[in-house]
Structures are given as C-alpha cells and as structure tokens.
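Have a look at the structure below before the remarks.
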Amino acid sequence: MTVNEKELAERVIRISGVNTKKCMKCGKCSGTCPSFEEMEYHPHQFVSMVEKGQIKKLMESKSIWTCLSCFACIERCPRSVEPAKLIEAVRVCVIRQQGENHLKANAVPEKLDENMPQQAIVSAFRKYSK
Ligand code: SF4
Ligand code: SF4
C-alpha cells in the first residue's frame with residue numbers, strides 16, 4: 001500500500017464512518033445485492049479491500065457507479081458494517097478528485113428509460129449531487 005493509498009483509505013473510513021473490522025466475511029451483503037452482476041467488486045469485497053487499503057482499484061472500478069444505493073447490503077448485514085457507505089465514500093473521493101460531479105444532475109433525465117426502476121432515479125440524484 002503506498003502512502004497516498006493509505007491516506008485515501010483513512011479518508012474513506014472517515015467519510016463513511018464504517019468499521020471494516022466488524023466484518024465477519026459472511027458474504028450476505030453481496031448475496032442480497034441487486035446489482036451483483038453489474039459490479040466488478042461486490043459489497044463484501046469493498047469492505048475487505050478498504051481494510052487492505054486497496055482504494056485505487058475501487059476508485060477506478062465502474063462498481064462505484066453501478067451500485068444502486070439501495071442499501072439492501074446495509075439491511076442484510078448481521079454486523080451493521082454498512083458496505084454501501086463505503087461505496088458512497090469511494091465515490092465521493094473520486095468526485096472530489098475530479099473537482100466536479102461524475103455526471104451533472106441535469107444530464108440524468110437523458111439517461112432515463114421507461115424500464116428504469118424509481119429506486120435508480122432516486123439513487124442517481126443521491127450519487128450525482130454532491
Ligand atoms: S447499496 Fe449498492 S452494493 Fe449495496 S445492495 Fe444496493 S446496489 Fe448492492
Ligand atoms: S454482510 Fe456484513 S459481515 Fe457479512 S460480509 Fe457483508 S459486510 Fe461483512
């Protein structure tokens with residue numbers, strides 16, 4: 001882990017307020033994730049990768065944008081680890097690094113289609129309006 005990555009890991013922990021050490025690696029968060037197939041790294045992997053300080057891989061992964069922010073992983077976790085908060089924190093790090101939003105809020109309507117669940121629309125506003 002480089003120093004820079006160590007700082008990033010500390011930032012993700014600070015922003016999210018998550019204690020990765022509580023994770024017992026049961027995988028229930030990933031088992032319940034509706035975006036599992038779309039995610040290169042799954043919620044339980046976010047927890048272990050943040051624990052190991054592998055933040056850059058997470059920041060470069062499309063997983064942070066394919067997470068629906070539905071919080072099912074938070075509901076399912078028996079240890080209250082809250083993986084979605086880590087994913088949110090990694091997204092915030094990317095957005096702050098870019099100095100702007102990944103996608104402007106007013107560009108969201110163009111990406112909507114009639115089959116898109118309402119949850120995705122709500123989570124898009126949550127994700128893209130930092
Ligand atoms: S918040 Fe993201 S990672 Fe958690 S269950 Fe929903 S889609 Fe999956
Ligand atoms: S459900 Fe909770 S305890 Fe289990 S792997 Fe996911 S974060 Fe860890």
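These numbers come from a predicted model, not from an experiment. Order of appearance sets the numbers: ligands from 1, and atoms from 1 within every ligand.
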Residue, atom name and distance, where the atom is the protein heavy atom closest to [atom]:
| atom | answer |
| --- | --- |
| atom 3 (S) of ligand 1 | I87 CD1, 3.5 Å |
| atom 2 (Fe) of ligand 1 | C67 SG, 2.3 Å |
| atom 4 (Fe) of ligand 1 | C73 SG, 2.4 Å |
| atom 7 (S) of ligand 1 | L68 N, 3.2 Å |
| atom 1 (S) of ligand 1 | F71 N, 3.2 Å |
| atom 8 (Fe) of ligand 1 | C33 SG, 2.3 Å |
| atom 6 (Fe) of ligand 1 | C70 SG, 2.3 Å |

inquiry  = One thing to verify: whether R14 and E10 come together as a salt bridge, which I'm taking to mean a side-chain N less than 4.0 angstrom from a carboxylate O.
reply    =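 Not counted as a salt bridge, because no side-chain N and carboxylate O are separated by less than 4.0 Å.
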
Salt bridge present between E51 and K21 (N-O < 4.0 angstrom) =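 Looking at K21 together with E51, the answer is yes, because their closest N to O distance falls below 4.0 Å.
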
Could you list the atoms of ligand 1 found under 4.0 angstrom from a heavy atom of [X]?
| X | value |
| --- | --- |
| A84 | 1 (S) |
| P34 | 5 (S) |
| S69 | 1 (S), 2 (Fe) |

Check for a donor-acceptor pair, side chain of [X] on one end and backbone N or O of [Y] on the other, with a separation under 3.5 Å.
| X | Y | result |
| --- | --- | --- |
| E5 | K56 | yes |
| R76 | T32 | no |
| S16 | V12 | yes |

task = Search all heavy atoms of E40 against all heavy atoms of K62 and return the closest pair with its distance.
result =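 Nearest pair, atom of E40 first, then K62: OE1-N, 4.2 Å.
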
Contact summary for P78 and M24, nearest pair of heavy atoms =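 What the structure gives for the nearest pair is CG-CE, 3.4 Å.
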
ask   = Among protein atoms, how many N/O/S atoms lie less than 2.8 Å from atom 8 (Fe) of ligand 2?
value =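 With waters ignored, the protein N/O/S count below 2.8 Å is 1.
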
request  = Compare all side-chain heavy atoms of V81 with those of N19 and state whether any distance is below 4.5 angstrom.
outcome  =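 They are not in side-chain contact.
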
query = Any chance the side chains of R91 and S63 put a donor and an acceptor closer than 3.5 Å?
reply =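 No donor-acceptor contact under 3.5 Å links the two side chains.
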
ask   = Given H42, which of C29, S35, C33, S30 fulfils the side-chain contact (heavy atoms from CB on, under 4.5 Å) condition?
value =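 Of C29, S35, C33, S30, side-chain contact (heavy atoms from CB on, under 4.5 Å) with H42 is met by S30 alone.
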
task = From the options I64, T20, V18, select the one residue that forms a side-chain contact (heavy atoms from CB on, under 4.5 Å) with F46.
result =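 For F46, the side-chain contact (heavy atoms from CB on, under 4.5 Å) check succeeds only for I64.
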
ask   = For ligand 2, which atoms have a heavy atom of P78 less than 4.0 angstrom away?
value =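 So the answer, numbered in order with elements, is 1 (S).
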
